[in-house]
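Following: one structure in structure tokens, then a few remarks.
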Amino acid sequence: MTWLATRVLVVKTDLEASQVLVDELQTKIGNGDFTSVSSTSQKLQQKSSSASAGTADLTWRAAELIPYVGTNLSAVRAVAESIDDLVQEVAVPAVDLAGSFDITARDPVTGGFDLTPLAEAKTIVASAQTVISQSLARVNSVDASGTVGPVKAAVEKLSGVLSQADSALTSAAPLVNIAGAALGAEGERKYVLAFQNNAESTALGGSSASYTLMSANDGAIAVAGQASSADFVEGVAVDVPVDQSAIDLYSDYLLTHSNTSTSRPDFPTAAKIIQAYWLRDKATAVDGVISVDPLALAQILKATGPITLSSGDVLSSDNAVSLLVNEIYFRYNSYTEGDVVDSFFSEAAAAVLDKVMSGSFDMKAMIDAITYSVDQGSIMMWSANPEEQTAFDGTRVQGVLPVANDDATVVGVYYRDTSASKIDYYLQTATQTTSDVCTAETPTFTTTVTLHSNLTVDQANDLPDYVKSFNFGAEKFRTQVFVYGPVGATVTDARVDQEGIETVVDAGSNDLGRPVAKFTADLAPGETTAVTATFTGQPGQYGSLQVRGTPMINPTSVSIESAGCN
């Protein structure tokens with residue numbers, strides 16, 4: 001049996017080396033180091049192949065019939081074969097593609113992005129789905145209870161990794177599959193880039209008053225037009241079916257003014273309204289809507305570096321938010337120079353877009369910036385193509401609340417400035433949520449929302465007219481608060497804990513399958529108000545408690561306490 005012990009030792013060594021190389025590969029890719037991944041990939045290919053080959057001959061298979069010893073050998077073979085299949089058919093092709101991908105490359109015919117890598121990625125993803133499924137079945141068929149500790153640990157670890165990979169691939173595959181068509185591989189696409197201004201908050205971010213029309217044709221992306229909310233007919237509702245519950249909560253302004261289309265915390269609603277405005281008033285059919293706010297631009301500028309505008313301003317990650325949503329109103333009178341302000345917004349958005357399209361940025365920093373912005377609700381996407389829209393299901397980029405509590409129990413806290421001002425640059429918000437969801441059959445969820453104005457009276461009086469409240473002057477500002485409870489719950493309490501000038505409980509509703517408590521707060525400079533909503537849930541399965549809300553310029557302080565939860 002000396003030969004068997006020697007063979008097992010060789011296979012063990014190769015598998016351990018493979019694990020080290022896998023970790024090394026992940027680190028390099030995570031750091032954006034694609035220059036040396038090829039050599040690591042080649043070493044990994046050799047080691048995984050050697051480990052698999054060591055278990056493939058008839059002598060090893062015959063030894064698997066030996067009581068007890070054979071169970072361990074079968075398990076080792078399953079691990080070795082699975083790892084080798086993953087390396088040879090998935091990891092190596094993916095690494096080769098990533099290593100050769102050049103985002104600055106352009107198609108010599110169209111002048112656009114070379115879409116060939118996307119076609120290759122679809123092939124790799126399809127192969128990965130098959131390999132991971134087969135490997136998972138192979139590993140899960142192993143009875144690890146009869147194996148020694150190290151073998152059992154290896155089987156369980158690989159099973160966990162494969163399950164995670166299978167779940168991630170299930171989410172990623174649809175996005176990879178639609179990427180080429182979305183970039184115009186099958187014909188020209190037109191998209192509206194909607195710029196949300198968080199200084200005038202709405203549930204999804206802020207007033208949507210500046211738009212860029214983009215075209216994508218066979219990978220070539222270009223700016224096809226610009227518009228502001230003033231270019232659309234206001235006061236006449238667009239023909240978009242919207243639940244009455246949304247009208248009850250947000251009024252018909254949701255449909256009659258393009259800049260308040262983002263009032264409901266459901267991006268598909270906003271996107272369809274924006275699409276309808278472009279079709280009705282611009283005779284332009286758009287294939288999708290992308291939303292971005294200054295908070296996202298600031299993150300993206302960390303990857304691209306500063307950008308100089310025609311005004312001489314240098315837009316950077318440090319000043320993007322303050323310049324775009326506050327300082328610009330001190331520089332220009334938006335009532336008399338509205339076109340100048342709109343042009344400034346449009347140029348800033350176009351300049352950042354041009355920089356991104358050039359591919360001149362730090363790839364890892366860009367991935368981090370976009371991932372963070374999507375998670376915060378500062379970047380959202382909607383496609384008019386139902387199949388492509390379905391590909392976003394379950395992702396934060398879709399801009400929707402979960403339709404069930406199973407995976408995550410989400411409470412939503414959203415704001416809307418109804419002063420027609422840009423005052424939320426000076427607003428601080430906080431939420432405190434408590435629940436017995438982990439211990440009670442019919443759990444309760446209590447959320448207290450606090451709003452505080454950072455302004456002094458003197459500062460308020462010195463604000464530009466466009467930042468001062470259009471409705472009320474500088475003496476007070478009005479904010480609506482919408483607290484969405486978990487799916488299927490009911491509102492059991494809605495109260496005012498601390499008033500500003502005046503804070504009231506408004507009529508709530510059930511919207512998006514959730515109960516909604518609504519409040520209206522009038523704050524004078526320097527004042528604070530606090531309101532509380534309590535919901536009672538039905539018996540059932542509840543995932544981890546989360547609180548989502550409007551991306552604010554001054555980030556909302558979020559506190560969550562779930563007694564009895566891990």
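We use all heavy atoms of the structure for the numbers below, so side chains are in, but hydrogens, waters and symmetry mates are not. Numbering starts at 1 and runs along the sequence shown.
With sequence neighbours excluded, the residues forming a salt bridge (charged side-chain N to carboxylate O under 4.0 Å, His left out) with R264 are D243, D511, listed by chain and number. Residues that satisfy the side-chain contact (heavy atoms from CB on, under 4.5 Å) test with T503, not counting sequence neighbours, are V496, E499, A521, T529, V531. With sequence neighbours excluded, the residues satisfying salt bridge (charged side-chain N to carboxylate O under 4.0 Å, His left out) with K422 are E200. In this structure D281 satisfies the salt bridge (charged side-chain N to carboxylate O under 4.0 Å, His left out) test with no other residue, sequence neighbours excluded. Residues satisfying the side-chain contact (heavy atoms from CB on, under 4.5 Å) criterion with M214, sequence neighbours excluded, are Y191, L193, T212, I290, L353. When the salt bridge (charged side-chain N to carboxylate O under 4.0 Å, His left out) test is applied to K190, no partner is found at least two apart in sequence or on another chain. Every side-chain contact (heavy atoms from CB on, under 4.5 Å) that L183 has, sequence neighbours left out, goes to L115, L118, I221.
Donor-acceptor pairing under 3.5 Å is recorded for the side chains of T448 and T532. Judged by distance alone, the side chains of N385 and Q389 never bring a donor and an acceptor atom under 3.5 Å apart. Y426 and N326 form a side-chain donor-acceptor contact under 3.5 Å, judged by distance and modelled atom types alone. S261 and S208 form no side-chain donor-acceptor contact under 3.5 Å, judged by distance and modelled atom types alone. S378 and S373 form no side-chain donor-acceptor contact under 3.5 Å, judged by distance and modelled atom types alone. No side-chain N or O of T256 forms a donor-acceptor pair with one of E234 less than 3.5 Å apart. With no hydrogens or angles considered, a side-chain donor-acceptor pair links D424 and S201 at under 3.5 Å. In this structure, a donor-acceptor pair under 3.5 Å is present between the side chains of E388 and S383.
With M380 as the partner, the side-chain contact (heavy atoms from CB on, under 4.5 Å) test is satisfied by one option alone out of Q398, Q196, R396: Q196. With respect to Y466, the ring pair (Phe, Tyr, Trp, His ring centres under 6.0 Å) criterion is satisfied by exactly one of F330, Y329, Y332: Y329.
Of the possible polar contacts, none joining the T260 side chain to the S263 backbone as a donor-acceptor pair under 3.5 Å is found. Using a distance-only test at 3.5 Å, with no hydrogens or angles considered, no donor-acceptor pair links the side chain of T556 to the main chain of V558. Between the side chain of D313 and the backbone N or O of L315 there is no donor-acceptor pair closer than 3.5 Å. Between the side chain of D266 and the main chain of V400, no donor-acceptor pair closer than 3.5 Å is present. A donor-acceptor contact shorter than 3.5 Å is absent between the side chain of D493 and the backbone of T534. Remark: the backbone N or O of A369 is not paired with any side-chain donor or acceptor of T371 at under 3.5 angstrom.
Listed by first and then second residue, the ring pair (Phe, Tyr, Trp, His ring centres under 6.0 Å) pairs involving residues 280-309 amount to none (not counting sequence neighbours). Note on residues 473-483: pairs passing side-chain hydrogen bond (donor to acceptor under 3.5 Å, both in side chains), not counting sequence neighbours, are R416-Q480, R478-D522. Sorted by first and then second residue, the pairs that involve residues 234-259 and meet ring pair (Phe, Tyr, Trp, His ring centres under 6.0 Å), not counting sequence neighbours, are Y250-F482, Y253-H257. For residues 520-541, there are no ring pair (Phe, Tyr, Trp, His ring centres under 6.0 Å) pairs, not counting sequence neighbours. Legend: ring pair (Phe, Tyr, Trp, His ring centres under 6.0 Å) pairs involving residues 353-385, not counting sequence neighbours: none detected.
Here the closest heavy-atom approach between residue V192 and residue L213 is recorded as CG2-CD1, 4.1 Å. The nearest pair of heavy atoms linking P525 to S453 is CA-OG, 3.6 Å. Counting all heavy atoms, side chain and backbone alike, S435 lies closest to T444 at OG-O, 2.9 Å. G537 approaches A489 most closely through the heavy-atom pair CA-CB, 4.0 Å. Here the shortest heavy-atom pairing between Y277 and V236 reads OH-O, 4.1 Å.
Separating the OG1 atom in T520 from the CG atom in D506 is a distance of 3.5 Å, to the nearest 0.5 Å. Atom CG of L323 sits about 7.5 Å away from atom CG of L309, to the nearest 0.5 Å. One distance of note links CD1 of I307 with NZ of K355; it measures 6.0 Å at 0.5 Å rounding. Here the CZ-CG distance, from F445 to D436, works out to 7.5 Å after rounding to the nearest 0.5 Å. N198 CG to D293 CG: the interatomic distance, rounded to the nearest 0.5 Å, is 4.0 Å. Between atom CG of residue D375 and atom CZ of residue R548 there is a gap of 9.0 Å, rounded to the nearest 0.5 Å.
In this structure, the side chains of V410 and Y484 stay at 4.5 Å or more apart for every pair of heavy atoms.
Here the two rings, on F195 and Y211, have centers that are 6.0 Å apart or farther.
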